[in-house]
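All values below come from the heavy atoms of this structure, side chains included, with hydrogens, waters and symmetry mates left out. The chain is numbered in sequence order, starting from 1.
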Amino acid sequence: MRRKIGIALLVLFVIFGGGGIYAYSKVKGTMDDMYTDVGHETGREGEVDIGSDPFSVLLLGIDKDEGRTDTGRSDTIIIATINTETKSTILQSVARDTLVPIIGKGINDKINHAYAYGGAQMSINTVQSYLNVPIDYYVEMDMDGLKALIDAVGGVTVENERFAFEYLNHYFPLGTLELNGEEALAYSRMRYEDPEGDWGRQMRQRQVINAIVKKAVTFQVSRYDAILKAMGTHTKTNITMGDVLNISTHYTTALGSIEEYSLQGNGTVIDGIYYLVVPEEQKLEATNRLRTHLGLK
């Protein structure tokens, strides 16, 4: 089971709104466990003011399966930009097979290999360079964490409007689906039977993101312990406790409007290996969209 979604940050945004003082005492310990500063440089002039400035987060879903000895691969890559003035959030997906220069390695390779070569720092630097967008924060979560998080919020509801399919011994008919963690992972992972390939899978992943956020907004205090346990054990981030307090105060309304995009490209085989090559105009469109949302020229 390879595909995960890095949605831990979006859940963090809404935790305080529902739990108040109870949440603070619980979240503080979890944030301390999760905090990992990778020391990357954004290239911004000055620091982002959490509380007023738009900011960006790189969401990474990490695959550590298949008995590999490396650190894993970021098989889900989503750039989130959050703007409190426009009260909107943009989720920009990048396919894991996208051919890019790997910053710090000096080679061109699939973008998901950056994590295997140099962890979150190399992933951040590679994404920043490829799209010319500063990454202020990152959140990475592994598959077991996502599964546990979905179960902790009581499962998710999605609308399967495209086609019925079966994957990993789970059947997904057309219509409204109530999914637990294992089912949601299977629903968001399937690619080869999808007529639109990885783009179709990215769309289903974003469905699950939105479903978790909606569920998290209304979850009961009794679920906090399970949610925080799932996040603290399986998540790393450079977001501090102070950042979370500011985000929860000033930015939760931005989750009311979520725009979703994915980079489109052409499948190409080079030396027997499949890559997705994104046309320059497609990449520039994504760059301009994200930089505009961040208030950058």
Side-chain angles (χ1 to χ4, degrees), residues 4-40 48 50-51 55-64 71-72 74 76 78 80 82 89 91 115 119-121 123-124 135-156 180-182 184-185 208-255:
K4 286 71 57 182
I5 305 171
I7 43 68
L9 171 76
L10 300 180
V11 175
L12 280 176
F13 287 174
V14 297
I15 281 179
F16 280 92
I21 295 174
Y22 176 90
Y24 180 88
S25 64
K26 295 290 184 177
V27 172
K28 180 62 169 65
T30 300
M31 291 303 303
D32 290 344
D33 291 339
M34 291 165 49
Y35 183 77
T36 306
D37 185 0
V38 297
H40 76 288
V48 170
I50 296 298
F55 66 96
S56 62
V57 187
L58 181 62
L59 309 174
L60 302 171
I62 306 304
D63 172 16
K64 296 184 178 180
T71 57
S74 53
T76 297
I78 300 173
I82 298 91
T89 296
L91 299 179
Y115 189 92
Q121 183 185 61
S123 292
I124 293 168
I135 300 298
D136 301 307
Y137 297 101
Y138 82 97
V139 178
E140 65 172 79
M141 174 177 276
D142 62 37
M143 177 196 67
D144 289 338
L146 179 60
K147 177 181 176 181
L149 184 56
I150 292 171
D151 286 336
V153 299
V156 295
N180 62 25
E182 181 177 330
L185 286 179
V208 174
I209 289 177
N210 288 335
I212 295 175
V213 171
K214 290 178 181 177
K215 197 65 174 288
V217 171
T218 59
F219 62 66
Q220 302 298 314
V221 168
S222 61
R223 294 190 180 275
Y224 269 64
D225 287 344
I227 292 169
L228 296 179
K229 181 179 179 181
M231 294 169 61
T233 305
H234 300 281
T235 307
K236 294 181 181 180
T237 182
N238 62 341
I239 298 173
T240 68
M241 186 62 189
D243 293 332
V244 171
L245 286 168
N246 283 325
I247 290 167
S248 65
T249 300
H250 299 288
Y251 291 87
T252 52
T253 56
L255 294 175

Enquirer: In chain order, what residues pass the salt bridge (charged side-chain N to carboxylate O under 4.0 Å, His left out) check against Asp32, with sequence neighbours excluded?
Expert: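 In terms of salt bridge (charged side-chain N to carboxylate O under 4.0 Å, His left out), with neighbours along the sequence ignored, Asp32 is linked to Lys28.
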Enquirer: Looking only at heavy atoms, which two atoms of Ile82 and Val57 are closest? And how far apart?
Expert: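 Looks like CD1-CG2, 4.3 Å.
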Enquirer: Can you measure from OG1 (Thr240) to CG (Asn246) and round to the nearest 0.5 angstrom?
Expert: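 Here the rounded value is 8.0 Å.
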Enquirer: Taking Thr237 for the side chain and Tyr138 for the main chain, is one N or O donor matched with an acceptor at less than 3.5 Å?
Expert: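 Yes.
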Enquirer: With rounding to the nearest 0.5 Å, note down the distance linking NE2 in His234 to CG in Asp33.
Expert: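 So the NE2 of His234 and the CG of Asp33 are separated by 12.5 Å.
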Enquirer: Does the Ser56 side chain pair with the main chain of Asp136, one donor and one acceptor, at a distance under 3.5 Å?
Expert: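 Answer holds: yes.
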Enquirer: Of the non-hydrogen atoms in Val38 and Ala120, which two are nearest, and what is the gap between them?
Expert: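 That would be CG1-CB, 4.0 Å.
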Enquirer: Identify which one of Lys236, Glu140, Met141 satisfies the side chain to side chain contact (heavy atoms under 4.5 Å, CB included) criterion when paired with Ile62.
Expert: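 Between Ile62 and the candidates, side chain to side chain contact (heavy atoms under 4.5 Å, CB included) is satisfied uniquely by Glu140.
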Enquirer: Tell me the closest heavy-atom pair linking Val156 and Ala211, and the distance in Å.
Expert: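 What the structure gives for the nearest pair is CB-CB, 3.6 Å.
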Enquirer: State the CD1-CD1 distance between Ile227 and Ile150, to the nearest 0.5 angstrom.
Expert: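 The CD1 atom of Ile227 sits 12.0 Å away from the CD1 atom of Ile150.
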Enquirer: Would you say the side-chain atoms of His40 pair up with the backbone N or O of Ile135, donor to acceptor, closer than 3.5 Å?
Expert: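 Yes; judged by distance alone, with no hydrogens or angles, the pair exists.
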Enquirer: Looking only at heavy atoms, which two atoms of Thr235 and Ala230 are closest? And how far apart?
Expert: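 Taking Thr235 first and Ala230 second, the nearest heavy atoms are OG1-O, 4.4 Å.
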Enquirer: Looking only at heavy atoms, which two atoms of Ser74 and Leu60 are closest? And how far apart?
Expert: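 Smallest interatomic distance, heavy atoms only, reads CB-CD2, 3.9 Å.
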Enquirer: Work out which heavy atom in Leu185 is nearest to a heavy atom in Lys147; give both atom names and the distance.
Expert: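 Taking Leu185 first and Lys147 second, the nearest heavy atoms are CD1-CB, 3.6 Å.
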Enquirer: Is any side-chain heavy atom of Asp243 closer than 4.5 Å to one of Asn238?
Expert: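 Not in contact.
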Enquirer: From Leu228 CG over to Thr233 OG1, what is the distance, rounded to the nearest 0.5 angstrom?
Expert: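 It comes to 10.0 Å.
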